[in-house]
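Data block below; observations after.
Side chains included, hydrogens not; waters and symmetry mates left out as well; all remaining heavy atoms used.
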Amino acid sequence: MAALLRLVALLALAHTLAASPAPAAEPRSSDCTGTISSLNDVAAAVKCTTVTINAFTVPAGETFSLSLLSGTKVTMNGDVTFAVKNWAGPLFQISGTSITFNGNGHTFNGNGASYWDGQGVNGGVTKPDPMMKIKISGTFTNTKVLNSPARVYSVSNPATLVMSKLTIDNSAGDAANSASGGKAAGHNTDGFDVSTTDLTIEDSTVHNQDDCLAINKGSNIIFQRNSCTGGHGISIGSIDSDVTVSGIQILSNTITNNDQALRIKTKAAASGSTVSGITYSGNTATGMREFGVLIDQSYPSTLGTPGTGVKLTGVNFVGSTNSISVNSGAKRVAVNCGSGACTGSWNWSALKVSGGSAGTINYSGIQNYSQ
Ligand SMILES: *[C@@H]1O[C@H](CO)[C@@H](O)[C@H](O)[C@H]1NC(C)=O
Ligand SMILES: *[C@@H]1O[C@H](CO)[C@@H](O)[C@H](O)[C@H]1NC(C)=O
C-alpha cells in the first residue's frame, strides 16, 4: 500500500514537472515586428514592440490609433493619407511610454484643402481637429504633416518627450479658395498646442496660418531652433482661469512673416492663474506684420481693457540677442498689463527690435529696454 502511494506521488511529481512553465530564456511574445498596411493590421501589430507602418490610406471618419506597449519602436516606411469626412477627428493618435517614433521623413497627409473654408474651428464645415494627438513619452522625430484640416499637433505627454525634425507644411492654406471669401483658406492651423510638462520641441519647421506654438499651461517646456513661417508667432496663451505656466524657454527660433514674433496673451476674464519664468534667447524674426513682441492681458481683445486675474512674472530676454524686425505699419513692442498683475523686474537686455513704430509699454518693471 505504501509502495503504491509512493508511486502515485512520483507520477504526480513527474506530471507537475512536465507541465511547469518554460524557462525564462524563451523570448517574450512581444519580441516581434508588427506591420501595418491598413487599419485592420493595427490590433495585432501593437502587441509587438517593433512596429512598421507602410504606405496606406486611412478610411474617412476613422482614427489611426496606436496604443503601444512600453518601449515600442515605430518606423514609417511610407506615407499615410487620410480620406476626407466632416467629423471631429483626431486623424492620428499615439499613446504609450518610452516610445521611439521615427517617421523616416514620411508624411501624414490630412487633405486639408478639402476642408478649408477660411473659418477653421470657428464655423463652416466640421473639421477633424486636432489632426495629430501625441500622448507618448520618449521621442517623436522626422515626420511631416501636410495640409491639416485645422490644428495640427496636440501634445499631452505622460513623461519626458522630445519632438524633433518635424515638418508642418500648410503653405497651400495661405491662398484663398472658393469658400474662403478672399481670406486665406487655412485657418486655426496651430502647429503645436501644448498643455503639458517636460516637453522639448526642436529643429522643426512650421508653415501655417495660426500660432506656431501655443502653450496653454504647463512647465519645463523648451522650444528651440524651430522655424515658423506665415502664422501668428510663438505664443504663451491664451491663458484661462486656474492654470500655471512656468519654466518656459524659447531659444534660437527663426520667425518669418508672422503677425507677431513673440506673444503672451492672457484672458481679460481669467482668474487664479500664474505665468512665470519665461525666457527668450537668440530668436530672430523678420517681416512681422503687426507686432514684434506683444504681451497683452486683454484677450480676446487686442490692447483692450486688461484683466488682473493672471499674475505675470519673470518674463526675460537674456543671453543671446533676440533680433526682431517689423514691417513699416507694425508696432515694435506693446505691453498691456492689468493693474498690479505684472510683478517683479523683467530683464530685457537681450531684445533688439527695429522697423515700424514704438508701441505702448505700460509695465514699469521692464529693465534694460527702451524704444
Ligand atoms: C540681464 O541680462 C544680461 C544679459 O543676459 C545680463 O548680463 C545681466 O546681468 C542681467 N541683469 C540683471 C539685473 O539680472
Ligand atoms: C495699462 O493700460 C490699460 C489700458 O489703458 C489700463 O487699463 C491698465 O490699468 C494699465 N496697466 C498699468 C499697469 O498701468
Side-chain angles (χ1 to χ4, degrees), residues 134 139-145 152-153 155 157 160-169 171 190-194 196-208 210-215 218-237 245-265 275-295 314-327 330 332-333 346-355 366-369:
I134 307 300
T139 58
F140 187 92
T141 66
N142 210 8
T143 302
K144 179 173 175 177
V145 169
V152 183
Y153 283 106
V155 188
N157 47 305
T160 302
L161 173 64
V162 177
M163 300 179 76
S164 65
K165 303 192 182 89
L166 306 178
T167 300
I168 294 172
D169 182 3
S171 56
D190 298 18
F192 298 92
D193 284 303
V194 162
T196 194
T197 60
D198 301 327
L199 173 67
T200 297
I201 299 172
E202 61 190 21
D203 302 314
S204 295
T205 298
V206 178
H207 187 141
N208 67 346
D210 207 311
D211 295 335
C212 186
L213 167 72
I215 298 174
S219 61
N220 193 22
I221 297 168
I222 301 172
F223 191 73
Q224 62 185 357
R225 301 187 303 266
N226 303 291
S227 117
C228 303
T229 300
H232 297 175
I234 295 169
S235 184
I236 296 175
V245 176
S246 66
I248 310 297
Q249 298 183 68
I250 308 292
L251 314 174
S252 304
N253 300 286
T254 303
I255 304 137
T256 308
N257 300 342
N258 277 233
D259 283 356
Q260 50 273 314
L262 304 168
R263 169 165 66 159
I264 300 174
K265 50 176 171 169
V275 175
S276 66
I278 314 298
T279 302
Y280 298 102
S281 178
N283 298 290
T284 303
T286 51
M288 296 306 107
R289 300 179 288 236
E290 294 174 13
F291 300 92
V293 174
L294 175 61
I295 296 176
V315 178
N316 296 308
F317 293 81
V318 291
S320 306
T321 303
N322 295 270
S323 175
I324 298 175
S325 92
V326 308
N327 292 348
R332 292 194 287 272
V333 177
W346 300 357
N347 186 352
W348 284 26
S349 70
L351 178 63
K352 301 260 180 299
V353 191
S354 61
I366 293 171
Q367 313 279 310
N368 307 323
Y369 184 78

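One distance of note links CZ of R332 with CG of L351; it measures 11.0 Å at 0.5 Å rounding. The CD atom of E202 sits 8.0 Å away from atom CG of N226, with the distance rounded to the nearest 0.5 Å. A distance of 10.0 Å separates CD in E290 from CG in N327, rounded to the nearest 0.5 Å. Between N142 atom CG and S164 atom OG the span is 7.5 Å, to the nearest 0.5 Å. To the nearest 0.5 Å, atoms CG (L213) and OG (S235) are separated by 7.5 Å. Here the CD-CD1 distance, from Q224 to I250, works out to 10.0 Å after rounding to the nearest 0.5 Å.
The closest donor-acceptor contact from the side chain of S204 to the backbone of L166 lies under 3.5 Å. Side-chain atoms of R289 do not come within 3.5 Å of backbone N or O of Q260 as any donor-acceptor pair. A donor-acceptor distance shorter than 3.5 angstrom exists from the side chain of N316 to the backbone of N347, with no hydrogens or angles considered. Distance alone, capped at 3.5 Å, is enough to place a donor-acceptor pair between the S281 side chain and the V318 backbone. Without hydrogens or angle criteria, W348 side chain to V315 main chain gives a donor-acceptor distance under 3.5 Å. A donor-acceptor pair is defined here as one N or O able to donate and one able to accept, closer than 3.5 Å; no such pair exists between the side chain of N283 and the backbone of T254. Within the 3.5 Å criterion, the main-chain N or O of D198 finds a donor-acceptor partner in the side chain of N157.
With I215 as the partner, the side-chain contact (heavy atoms from CB on, under 4.5 Å) test is satisfied by one option alone out of I248, T196, D193: I248. Among T284, I234, N322, the single residue meeting the side-chain contact (heavy atoms from CB on, under 4.5 Å) criterion with N253 is I234. Test V293, V245, I236 against I264 for side-chain contact (heavy atoms from CB on, under 4.5 Å) and you get one pass: I236.
Taking the side chain as every heavy atom from C-beta outward, V353 and Y369 approach each other to under 4.5 Å. Annotation: side chain of I134 is in contact with side chain of L161 (closest heavy-atom distance under 4.5 Å). Two residues are said to be in side-chain contact when any heavy atoms from C-beta on lie closer than 4.5 Å; F223 and F192 meet this criterion. Looking at F317 and I366, their side chains never come closer than 4.5 Å, going by heavy atoms from C-beta outward. When side chains are defined from C-beta on, T160 does not count as touching T197, because their heavy atoms never get closer than 4.5 Å. Proximity of N258 to M288: side-chain heavy atoms (C-beta onward) are separated by under 4.5 Å at one or more points. Under the 4.5 Å side-chain criterion, counting only non-hydrogen atoms from C-beta, M163 is not in contact with T139. In this structure, R225 and L251 have side chains that are not in contact, with every pair of non-hydrogen atoms separated by 4.5 Å or more.
Contact record, A261 with A285: CB-CB, 3.6 Å, taken as the closest heavy-atom pair. Scanning all heavy atoms of the two residues, the minimum distance from G218 to I221 falls at C-CD1, 4.2 Å.
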- prompt: So L199 and V194, side-chain contact (heavy atoms from CB on, under 4.5 Å) or not? Walk me through it.
  reply: CA-CA 9 Å; L199 173 67; V194 162; 3.7 Å; yes

message: Does D203 form a salt bridge (charged side-chain N to carboxylate O under 4.0 Å, His left out) with K165? I'd like the steps, not just the answer.
response: CA-CA 5 Å; D203 302 314; K165 303 192 182 89; 5.6 Å; no

task: Quick one: do I295 and W346 satisfy side-chain contact (heavy atoms from CB on, under 4.5 Å)? Show the steps, please.
output: CA-CA 13 Å; I295 296 176; W346 300 357; 4.2 Å; yes

task: Tell me, with the steps shown, if V145 and Y153 meet side-chain contact (heavy atoms from CB on, under 4.5 Å).
output: CA-CA 9 Å; V145 169; Y153 283 106; 3.6 Å; yes

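At a cut-off of 3.5 Å, with distance as the only test, a side-chain donor of D169 or S171 sits close to an acceptor on the other residue.
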